[in-house]
Enquirer: 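I have a structure I would like to understand better, so I am pasting it below and will then ask my questions one at a time.
The figures here come from the full heavy-atom set of this structure, side chains too, leaving out hydrogens, waters and symmetry mates.
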Amino acid sequence: MTTERTYIMVKPDGVARGLVGEIIKRFENKGFKLLGIKMLQADEQLITKHYEEHIGKPFFPKIVKYILSGPVVGMVWQGKGVVAYGRVMLGKTDPLKSEPGTIRGDFGIDSGRNVVHGSDSVASAEREINLWFPEGVKDYPRALDNIIYE
């Protein structure tokens with residue numbers, strides 16, 4: 001079994017709309033393993049560090065204000081190809097360009113309120129996991145893995 005991990009965050013609009021359970025369900029139904037989950041009201045320092053590659057871009061202040069607007073739910077998922085396939089499950093950044101069946105395609109309309117964030121690479125995932133889960137997460141054996149993986 002692979003140890004690839006990703007960071008998935010339900011943004012304030014997804015939390016407010018009660019979509020956390022649906023998003024968890026989709027990742028669990030795929031067979032990915034949940035290693036960590038927490039709800040928190042992020043502060044500006046954490047959000048700025050998370051989106052640091054966008055500092056100076058015109059949309060940066062808007063995204064910081066948006067993430068500050070309510071609680072988020074951060075999750076760490078593990079599984080074979082979880083970073084790339086997790087991004088497929090989320091859909092395109094612009095929900096109106098996302099396929100039906102994706103999270104953003106099913107639940108989003110506006111790019112500025114696109115329900116979820118997902119790491120875009122294994123390196124980004126590890127950086128984001130360490131940022132949002134400084135206490136770490138705990139892996140655990142799961143009998144289901146023998147059914148899912150060769």
Side-chain angles (χ1 to χ4, degrees), residues 2-140 142:
T2 181
T3 59
E4 185 174 298
R5 304 182 311 170
T6 195
Y7 177 71
I8 301 294
M9 178 174 64
V10 183
K11 295 178 180 178
D13 59 316
V15 173
R17 294 176 57 198
L19 297 175
V20 174
E22 176 66 28
I23 293 164
I24 292 170
K25 177 183 172 186
R26 289 180 183 217
F27 276 82
E28 286 184 332
N29 282 348
K30 181 65 181 173
F32 295 130
K33 180 166 54 169
L34 182 61
L35 297 182
I37 184 169
K38 64 180 168 181
M39 176 182 270
L40 71 151
Q41 179 69 54
D43 61 27
E44 190 168 350
Q45 181 181 0
L46 178 59
I47 297 165
T48 298
K49 185 73 175 161
H50 177 85
Y51 288 108
E52 68 186 359
E53 71 273 13
H54 300 300
I55 292 174
K57 295 180 182 174
F59 63 85
F60 181 75
K62 189 175 177 181
I63 196 163
V64 171
K65 183 179 177 184
Y66 162 52
I67 302 298
L68 282 170
S69 72
V72 298
V73 174
M75 297 176 277
V76 178
W77 291 93
Q78 181 181 54
K80 185 176 183 180
V82 70
V83 172
Y85 199 78
R87 302 263 309 167
V88 170
M89 291 172 63
L90 298 183
K92 295 179 180 168
T93 301
D94 182 347
L96 293 178
K97 295 179 181 174
S98 292
E99 295 291 322
T102 66
I103 292 166
R104 290 176 178 148
D106 288 350
F107 302 113
I109 293 176
D110 194 356
S111 292
R113 300 291 185 268
N114 65 3
V115 182
V116 287
H117 162 83
S119 302
D120 62 4
S121 69
V122 173
S124 290
E126 289 305 316
R127 183 185 75 79
E128 293 170 355
I129 290 166
N130 290 329
L131 184 63
W132 291 88
F133 287 84
E135 69 280 7
V137 295
K138 178 84 169 114
D139 197 356
Y140 56 94
R142 189 174 71 160

Enquirer: For the pair Glu135 and Lys38, evaluate side-chain contact (heavy atoms from CB on, under 4.5 Å) and give the outcome as yes or no after the intermediate values.
Expert: CA-CA 12 Å; Glu135 69 280 7; Lys38 64 180 168 181; 3.1 Å; yes

Enquirer: If you compare all heavy atoms of Ile23 against all heavy atoms of Val116, which two are closest, and at what distance to 0.1 Å?
Expert: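 Closest heavy-atom pair between Ile23 and Val116: CD1-CG1, 3.5 Å.
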
Enquirer: I'd like to know whether NZ of Lys65 has more than 12 heavy-atom contacts from other residues, nucleotides or ligands below 6.0 angstrom.
Expert: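 Check fails, neighbour count at 12 or below.
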
Enquirer: Does the distance from a Lys or Arg side-chain N to an Asp or Glu carboxylate O, for Glu52 and Lys49, drop under 4.0 Å?
Expert: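 Answer for the salt bridge query: yes.
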
Enquirer: Taking CD in Gln45 as the centre, count heavy atoms belonging to other residues, nucleotides or ligands within less than 6.0 Å. Is the count above 12?
Expert: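 Atom CD in Gln45 is not crowded, with 12 or fewer foreign heavy atoms closer than 6.0 Å.
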
Enquirer: Would Thr6 and Glu128 satisfy side-chain contact (heavy atoms from CB on, under 4.5 Å), going step by step from the backbone distance to the final call?
Expert: CA-CA 8 Å; Thr6 195; Glu128 293 170 355; over 6 Å; no

Enquirer: Evaluate the ring planes of His50 and His117, with Trp represented by its six-membered ring, and classify them as parallel (under 30°), tilted (30 to 60°) or perpendicular (over 60°).
Expert: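 It falls in the perpendicular class, over 60°.
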
Enquirer: Quickly, which of Phe27, Tyr7, Phe133 forms a ring-ring contact (aromatic ring centres under 6.0 Å, His included) with Trp77? Name it, please.
Expert: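 Testing each of Phe27, Tyr7, Phe133 against Trp77, the sole residue satisfying ring-ring contact (aromatic ring centres under 6.0 Å, His included) is Phe27.
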
Enquirer: Does atom CD1 of Ile109 have more than 12 heavy-atom neighbours, drawn from other residues, nucleotides or ligands, at distances under 6.0 Å?
Expert: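 Atom CD1 in Ile109 is not packed in, count stays at 12 or less.
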
Enquirer: Kindly indicate, with the supporting measurements, whether the criterion side-chain contact (heavy atoms from CB on, under 4.5 Å) is fulfilled by Lys33 and Asp139.
Expert: CA-CA 9 Å; Lys33 180 166 54 169; Asp139 197 356; 2.6 Å; yes

Enquirer: Within 45 degrees of the axis of the six-membered ring of Tyr51 and under 6.0 Å from its centre: does Lys57 put its NZ or CZ there?
Expert: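 Relative to the ring axis of Tyr51, which defines the angle, Lys57 lies outside at least one limit.
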
Enquirer: Would you kindly check if the NZ (Lys) or CZ (Arg) of Lys11 is within the cone defined by 45 degrees around the ring axis of Tyr66 and under 6.0 Å from the six-membered ring centre?
Expert: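 Lys11 over Tyr66 ring: no.
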
Enquirer: Please check if the number of heavy atoms outside Glu99 that lie under 6.0 Å from its CD is greater than 12.
Expert: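 12 or below, so no.
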
